[in-house]
Amino acid sequence: MLTVQLAFAALAVGVVGMAHGASDLAIVEHRRRPAFLMLYVSALLVCLMWWIVDPAIALPAFLLASAVHFGLEDAPASRPFERIARGISLVATPATLHAASLARILDLAGIRESGAPAMVSILAVAGGVAAACLVIIGAARHDRRLLVGTAALLILPPLVGFSVGFLVLHAVPQTKSVEISCGA
């Protein structure tokens, strides 16, 4: 089952996620693109090296940075509570109903057995609370995208749920937003 999750995540995040990442170039001035790409690839390599050297610190730091990014990008500034819930949910909600599966993934990612249970527990509780808040917000606004994305994060296996949630709640809307702002 983990192999299927990894394959799905690689395909979903690799195809649509890469298009989403590439859309960042549309907002960078043409003359600054080489420097932007160099910094982007450098940051990627630093993160990868850090993960190889000390995954017990790098992975939680990456998850925290991702939560901040998702929260800031996916909800309006006028809704700080929703920003927090969206950031936490995209990273933590997959742990809520799939703690054992996530623990296995964390083990493969290099998180020591002694730290994984606490990390999974924290993610599961935070993700459950954030998901509940987003379901309430989504139902109140009749926001199907928010409801479907949150349900995917909650119900599907962790890597599949994250991939679908990432696509529905973050990558596709952000890519469309960049296309619209650039007149594409």
Side-chain angles (χ1 to χ4, degrees), residues 2-75 83-84 86-95 98 101-116 118-120 122-123 126-127 149 152-153 156-179 181-182 184:
L2 186 55
T3 305
V4 173
Q5 286 189 65
L6 284 169
F8 185 88
L11 182 62
V13 176
V15 173
V16 179
M18 292 301 284
H20 161 64
S23 72
D24 288 343
L25 283 175
I27 60 174
V28 175
E29 290 179 39
H30 186 63
R31 65 182 176 82
R32 293 184 181 203
R33 286 181 183 173
F36 175 83
L37 287 172
M38 187 173 70
L39 288 171
Y40 192 87
V41 170
S42 297
L44 179 104
L45 292 173
V46 166
C47 289
L48 181 61
M49 293 298 287
W50 187 18
W51 192 327
I52 290 167
V53 172
D54 194 357
I57 300 297
L59 182 57
F62 176 74
L63 293 175
L64 180 62
S66 297
V68 169
H69 169 72
F70 298 140
L72 292 175
E73 294 292 321
D74 297 343
R83 282 182 151 194
I84 292 167
R86 281 181 180 251
I88 291 169
S89 183
L90 203 49
V91 170
T93 296
H98 303 283
S101 181
L102 183 64
R104 221 169 43 252
I105 292 166
L106 291 176
D107 180 54
L108 291 171
I111 302 298
R112 294 178 196 89
E113 282 187 33
S114 61
M119 188 172 174
V120 170
I122 291 167
L123 288 170
L153 289 166
L156 297 173
L159 293 176
V160 175
F162 169 77
S163 299
V164 172
F166 171 78
L167 296 174
V168 170
L169 296 171
H170 180 73
V172 172
Q174 290 298 317
T175 302
K176 285 181 181 178
S177 174
V178 168
E179 288 173 354
S181 68
C182 292

CD1 (Ile105) and CG (Leu159) are apart, to the nearest 0.5 Å, by 3.5 Å
Please round to the nearest 0.5 Å and tell me the distance separating atom OG of Ser163 and atom CG of Leu153. 10.0 Å
Check whether any side-chain N or O of Arg83 sits under 3.5 Å from a backbone N or O of Leu72 as a donor-acceptor pair, and report yes or no. yes
Salt bridge (Lys or Arg N to Asp or Glu O under 4.0 Å) contacts touching residues 26-48 (sequence neighbours left out): Glu29-Arg31
For Leu123 versus Ala95, what's the shortest heavy-atom pair and its separation? CB-CB, 3.7 Å
Is a side-chain N or O of Arg86 found less than 3.5 angstrom from the main chain of Asp74, in a donor-acceptor match? yes
Among all residues two or more places apart in sequence or in another chain, which pass the ring-ring contact (aromatic ring centres under 6.0 Å, His included) test with Phe70? His170
For the student: nearest non-hydrogen atoms of Leu90 and Phe162, plus distance: O-CD1, 3.4 Å
Search all heavy atoms of Gly165 against all heavy atoms of Ala152 and return the closest pair with its distance. N-CB, 4.4 Å
Under 3.5 Å, sequence neighbours excluded: what are the donor-acceptor pairs made by side chains of residues 48-64?
from	atom 1	to	atom 2	distance (Å)
Trp51	NE1	Ala109	O	2.8

